[in-house]
Amino acid sequence: MTGPAPREEGAPPAGGDGRPVTVLERPGRPSGAAGPAAGGATRRMRWWTPYAFLAPYLALFAVFMVLPIGFGFWTSLHEWDVNLPAKPFVGLENYTELFDPSSVDGGRFWLAMRATGIFTLFSVPLLIVLPLLVALLMNGRFRGRNLYRAVYFAPYVLGVAVVGFLWRFLLDGNIGLVNHYLGLDVQWTTDVPPAWVALVGVTVWWTLGLNAVIFLAGLQDIPRELHEAAMVDGASAWRRFRAVTLPGLRPVTVFVVNATILASANMFGQSYLITAGAPADQTKTAIYLIAETGLRQFDMGTASAMSFILAACLMAASALVFGAFRDRSAR
C-alpha cells in the first residue's frame, strides 16, 4: 500500500483526492491576518445612517410640533372665525389689541394673566418646599416607609376631573363638608381670597407627591460618603443640609422648579371645575381664557395670539430659572 505523494515545499495543499486546494485571501490583507469577524466583510457606515434612525422621530416632531406651531402663528395673524369662510389677514393687529389695556380682549387677557401670576406665585414655593421636606422624611429608614410614600403619591394618579368635582363638593359654601366639620361659613368657590386658598391648596394636595418622588430620587443619588465625611468633621444637620444635600440636589431642583412653574402657569382644570373663574373672572387663568376665546367664541386668531404671548412669558421665566440656578463656581 502506498500513501499520498509527499508535497513539495511551496506547493498548495492537497485535498483528500490528491488534487491541490487553492486558499482564497482577501485583497490587501496578509495571509493569516484576523478580520473583525470570522468570515464577515467590513461594512462602512453611510453618511445617511444616523438620519435614517432619526427619521421616525423627526417626522413625528414635525407633524405634531413644528407644523401646529407654525399653523398657530399663521392663525394669530388672521381674523380667524371657524364659522366664517373668509379669514382676512390682519397682521399683528391681534397682538396690538392684546397689549392695549383699554380694548376688550386686552383687558380680559391681562386680568387672566394676573390670575395666572397670583396662582403661580403662591403655588410654586409650596410645591418646592413641602415636597422637599416630605422627601427628606421619606428618605429615612423606618417601618412602613413604602406605605407612606404611596399615600403621598396616591392623589396624583387621580384625573383633574375627579379632583375638581370632589373638592367642589367638599368646598361648597352651603353643603360642603369642609365648612360643616370646621364650623366655618366661608365661600371657598365664589369669594377671594378664599377661592385662591382653595385652588392653591387643592393643587398642592394633588401634585405634591410627584415632586416629592423626584426629590427622593435625587436624595438617593447623593453619595452617603459625603454625609459621613461631614459628620466626621463635626458638621451639624443643618450644615450638612446646606453643604451636601442642597448642592447635590441642584440639577433635580432646577428641573422641579422649571416644571412646576410651567405646570402652574398652565393651570386650567381646577379653576374651570372648582370656581368657574368666579368671582367676576378673578380666578380665570390665561389657559382658561384662551380655551374660552377659541372654543366658545370661535375667535381662533385672538386665542392663538394669547397663546404665543403666554409662551413667550414662560420662556422668559424658564431662562430666569436656569440663570438663577447656574453653577457659577464652574467658571
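These numbers come from the heavy atoms of this one structure, side chains and all, not from hydrogens, waters or symmetry mates.
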- Separation between CG of L314 and CG of N258, rounded to the nearest 0.5 Å: 9.5 Å

- Query: Are the side chain of S264 and the backbone of S123 linked by a donor-acceptor contact shorter than 3.5 Å?
  - Reply: no

- Counting heavy atoms not belonging to N146, are there more than 12 under 6.0 Å from its CG? yes

- Message: Within a 6.0 Å radius of atom CZ on F89, are there more than 12 heavy atoms belonging to other residues, nucleotides or ligands?
- Response: yes

- Message: Go through it in stages, so that I can follow the logic: the residues are F215 and L133, the test is side chain to side chain contact (heavy atoms under 4.5 Å, CB included), and I'd like the CA-CA distance, side-chain angles, deciding distance and then a yes or no.
- Response: CA-CA 9 Å; F215 275 126; L133 294 177; over 6 Å; no

- Query: Do the side chains of I261 and S318 get nearer than 4.5 Å, heavy atoms only?
  - Reply: no

- Between F298 and L77, is there a shared hydrophobic cluster once you connect ILVMFWY residues whose side-chain heavy atoms come closer than 4.5 Å? no

- Nearest-0.5 Å distance, CG of residue L121 to OG1 of residue T116: 12.0 Å

- Query: Going through the checks in order, is the side chain to side chain contact (heavy atoms under 4.5 Å, CB included) test met by L98 and N94?
  - Reply: CA-CA 6 Å; L98 292 177; N94 291 327; 5.7 Å; no

- Can you name the side-chain hydrogen bond (donor to acceptor under 3.5 Å, both in side chains) partners of T302, sequence neighbours left out? D299

- Please name the pair of heavy atoms, one in Y148 and one in R143, separated by the smallest distance, quoted to 0.1 Å. CE1-O, 4.4 Å

- Would you call the rings of H78 and W80 parallel, tilted or perpendicular if under 30° counts as parallel and over 60° as perpendicular? perpendicular

- Query: What closest approach, in Å, do A135 and A212 show between heavy atoms, and which atom pair accounts for it?
  - Reply: CB-O, 3.6 Å

- Item | I309 versus F99, closest heavy-atom pair with distance | CD1-CE1, 3.6 Å

- Message: A quick test of your reading: do over 12 heavy atoms of other residues, nucleotides or ligands sit less than 6.0 Å from OH of Y152?
- Response: no

- Query: If you look at every heavy atom in P251 and P247, which pair is closest and at what distance?
  - Reply: CD-O, 4.4 Å

- Message: I'd like to check the salt bridge (charged side-chain N to carboxylate O under 4.0 Å, His left out) partners of R108; sequence neighbours left out, ordered by chain and number.
- Response: D105, E292

- Query: Which value, rounded to the nearest 0.5 Å, describes the distance between L111 atom CG and T285 atom OG1?
  - Reply: 11.0 Å

- Query: Taking atom CD of E79 as the centre, does the number of heavy atoms from other residues, nucleotides or ligands within less than 6.0 Å exceed 12?
  - Reply: no

- Task: Taking the six-membered ring for Trp and the full ring for Phe, Tyr or His, determine whether the centres of W74 and F71 are under 6.0 Å apart.
- Result: no

- Message: If we ignore hydrogens and angles and just use 3.5 Å, is the side chain of T49 paired with the main-chain N or O of R46 as donor and acceptor?
- Response: yes

- Value rounded to 0.5 Å, distance of CG in D81 from CE in M300: 10.5 Å

- Please report the shortest heavy-atom distance between A195 and A278, naming the atom on each side. CB-O, 4.4 Å

- Trace of the side chain to side chain contact (heavy atoms under 4.5 Å, CB included) decision for F241 with L136: CA-CA 10 Å; F241 177 75; L136 290 172; 3.7 Å; yes

- Measure the spacing between OH of Y156 and CZ of F153 and express it to the nearest 0.5 Å. 7.0 Å

- Is there a path from V197 to I274 through hydrophobic residues (I, L, V, M, F, W, Y) whose side chains come within less than 4.5 Å of each other? yes

- Note on the structure: D281 meets the side-chain hydrogen bond (donor to acceptor under 3.5 Å, both in side chains) criterion, sequence neighbours left out, with K284

- Message: So, using side-chain contact (heavy atoms from CB on, under 4.5 Å) as the criterion, who are the partners of M113 when residues are at least two apart?
- Response: F109, W110, A286, L310, C313

- Item | Pairwise side-chain hydrogen bond (donor to acceptor under 3.5 Å, both in side chains) hits with a residue in residues 201-216, at least two apart | T203-Q270, N211-T260

- Message: If I compare all heavy atoms of L216 with all of R149, which pair ends up nearest, and what's the gap?
- Response: CD2-NE, 3.5 Å

- Would you call M138 and L219 a side-chain contact if the rule is heavy atoms closer than 4.5 Å? no

- Report the relative orientation of the aromatic rings in Y95 and F73; use parallel for angles under 30°, tilted for 30 to 60°, perpendicular for over 60°. tilted

- Is a side-chain N or O of R240 found less than 3.5 angstrom from the main chain of M231, in a donor-acceptor match? no

- Task: Sort and list the pairs that fulfil ring pair (Phe, Tyr, Trp, His ring centres under 6.0 Å) and have at least one residue in residues 176-202, not counting sequence neighbours.
- Result: none

- Item | Qualifying residue, where the test is side-chain contact (heavy atoms from CB on, under 4.5 Å) with L132 and the options are L127, V256, L249 | L249

- Candidate list I214, L208, V213, test side-chain contact (heavy atoms from CB on, under 4.5 Å), partner L210, passing option: I214

- Task: Determine whether D185 and Q187 make a side-chain contact, defined as any pair of heavy atoms from C-beta on separated by less than 4.5 Å.
- Result: yes

- Query: Between the main-chain N or O of I290 and the side-chain N or O of T293, is there a donor-acceptor pair closer than 3.5 Å?
  - Reply: no

- Message: So for atom CZ, which belongs to R239, do other residues, nucleotides or ligands contribute more than 12 heavy atoms lying within a distance under 6.0 Å?
- Response: no

- Query: Do T275 and T283 get their side chains close enough for a donor-acceptor pair, meaning under 3.5 Å?
  - Reply: yes

- Message: Applying a strict under-4.5 Å side-chain criterion to I, L, V, M, F, W and Y, I'd like to know whether W167 and F169 cluster together.
- Response: yes

- Message: With a 4.5 Å cut-off on side-chain heavy-atom distances among I, L, V, M, F, W and Y, is there a chain of contacts connecting V202 to L273?
- Response: no

- Item | F268 atom CZ, neighbour heavy-atom count above 12 within 6.0 Å | yes

- Message: Please determine whether residues L262 and I287 belong to a single hydrophobic cluster, defined as Ile, Leu, Val, Met, Phe, Trp and Tyr linked transitively by side-chain heavy-atom distances below 4.5 Å.
- Response: yes

- Give a yes or no on this: more than 12 heavy atoms of other residues, nucleotides or ligands lie within 6.0 Å of atom CZ of F64. no

